[in-house]
Amino acid sequence: MRYEAVLFDLDDTLYPYEPAATAGRTAAFERARTLGYEFDRETFETVYETGRREAKREVPAGAASHDRFAYFKRGLEEYTGEPRPGDAHALGEAYWDEFCETMAPFAELRPTLSALASAGTAVAVTTNLQTRTQLRKLSALGVGDAVDALVTSEEVGRDKPGSAMFTLPLARVDCRVGDAVVVGDNPAADVAGANALGIDTVLFDHAHAHGDGDAVDETLPETQHPDHYVDSFAAVREVVA
């Protein structure tokens, strides 16, 4: 069917997340060394993971629970026993600078967005994390001008699969639930959230984490089964464009 709007997830849907995240952590580690921290890489990763765990424990689920600056702030506090706000900020800046420098879109992303624009199909991005960070990612990917609406969990006040993470972007592009499709990589967040509202779903599984390249993993709960299963943007375009 022809959709009036496509709602894309961002991380691990428009680009591969892990290479950028690894590059970001490496840059933060190197910045920490220049600041005088005598970390080896294993110690740095422990500091990072400690900060991540503490931030998620202390902050309700939502955009703030994904804040890398908070991870570095809490990690350094736990490691040193004292506040290190300047250092935490420096590590966060190093992380995101290198993360965005490393990002690269999945093959066929831009042609897919161009095809949607030519068809008059609205494009929205619905994503967890802070608005500023996700805007920066869209710019780094070179697709900001192709997106009609961006909605983040910072704006909504809760993460996916919360219903507002789907209904608000649809409202922004003036589209009804029955005329839209959601494309995302996370069955529990993207697929289940959209399924609950009756929105068509596409599970984008580039790494085959939830299937074998031809069919979705049947061990997933029924609520997480997508209407379509794809492993490339060429296949996404066949479904939505």
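In this text the structure is predicted, and so the values were computed from the model without any measurement.
- The side-chain heavy atoms of His210 and Leu220, taken from C-beta on, include a pair separated by under 4.5 Å.
- Phe166 is linked by a ring pair (Phe, Tyr, Trp, His ring centres under 6.0 Å) to nothing, counting only residues two or more places apart in sequence or in another chain.
- In this structure, Arg33 forms no cation-pi arrangement with Phe39, as its terminal cationic atom is not both closer than 6.0 Å to the ring centre and no more than 45° off the ring axis.
- Within a 6.0 Å radius of CD in Glu82, other residues, nucleotides and ligands contribute more than 12 heavy atoms.
- Looking only at atom types and distance, the side chain of Tyr3 has no donor-acceptor partner in the side chain of Asp179 under 3.5 Å away.
- With Asp227 contributing its side chain and Thr201 its backbone, the two residues share a donor-acceptor pair below 3.5 Å.
- Counting only residues at least two apart or in different chains, ring-ring contact (aromatic ring centres under 6.0 Å, His included) contacts with residues 102-143 comprise Phe106-Phe204, Phe106-His206.
- Other residues, nucleotides and ligands place more than 12 heavy atoms under 6.0 Å from the CZ atom of Arg136.
- Judged purely by atom type and a 3.5 angstrom limit, Lys73 has no side-chain atom pairing as donor or acceptor with the backbone of Ala88.
- Using a cutoff of 4.0 Å between basic side-chain nitrogens and carboxylate oxygens, Arg176 and Glu4 are not scored as salt-bridged.
- Under a cut-off of 6.0 angstrom, the local environment of CZ in Arg132 is sparse, with at most 12 non-hydrogen atoms contributed by other residues, nucleotides or ligands.
- Phe44 and Trp96 fall within a single hydrophobic cluster, where Ile, Leu, Val, Met, Phe, Trp and Tyr are joined by side-chain heavy atoms under 4.5 Å apart, directly or via other members.
- Not one N or O on the side chain of Glu154 forms a donor-acceptor pair closer than 3.5 Å with the backbone of Ala63.
- One side chain, His66 or Asp159, offers a donor N or O that lies under 3.5 Å from an acceptor on the other.
- Here the side chains of Phe29 and Tyr95 are not in contact, with every heavy-atom distance at 4.5 Å or above.
- Environment of CD in Glu101: sparse, with no more than 12 heavy atoms of neighbouring residues, nucleotides or ligands closer than 6.0 Å.
- Counting heavy-atom neighbours within 6.0 Å of Glu18 CD, excluding the residue itself, gives a total above 12.
- Within the 3.5 Å criterion, the main-chain N or O of Pro16 finds no donor-acceptor partner in the side chain of Asp12.
- Side chain of Arg52 to main chain of Arg74: no donor-acceptor pair is present (N/O by atom type, distance under 3.5 Å, no hydrogens or angles).
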Side-chain donor-acceptor pairs under 3.5 Å in residues 180-194, sequence neighbours left out?
unit_1: Asp185; atom_1: OD1; unit_2: Thr13; atom_2: OG1; d: 3.2
unit_1: Asn186; atom_1: OD1; unit_2: Ala188; atom_2: N; d: 2.9
unit_1: Asn186; atom_1: OD1; unit_2: Ala189; atom_2: N; d: 3.0
unit_1: Asp190; atom_1: OD1; unit_2: Lys160; atom_2: NZ; d: 2.6
unit_1: Asp190; atom_1: OD2; unit_2: Asp185; atom_2: N; d: 3.2
unit_1: Asp190; atom_1: OD2; unit_2: Asn186; atom_2: N; d: 2.9

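- Thr50 and Glu78 share no donor-acceptor pair across their side chains, judged by distance under 3.5 Å alone.
- Atom CG of Asp40 has more than 12 heavy atoms from other residues, nucleotides or ligands within 6.0 Å.
- In this structure, Arg110 contributes its side chain and Leu141 its backbone to a donor-acceptor pair below 3.5 Å.
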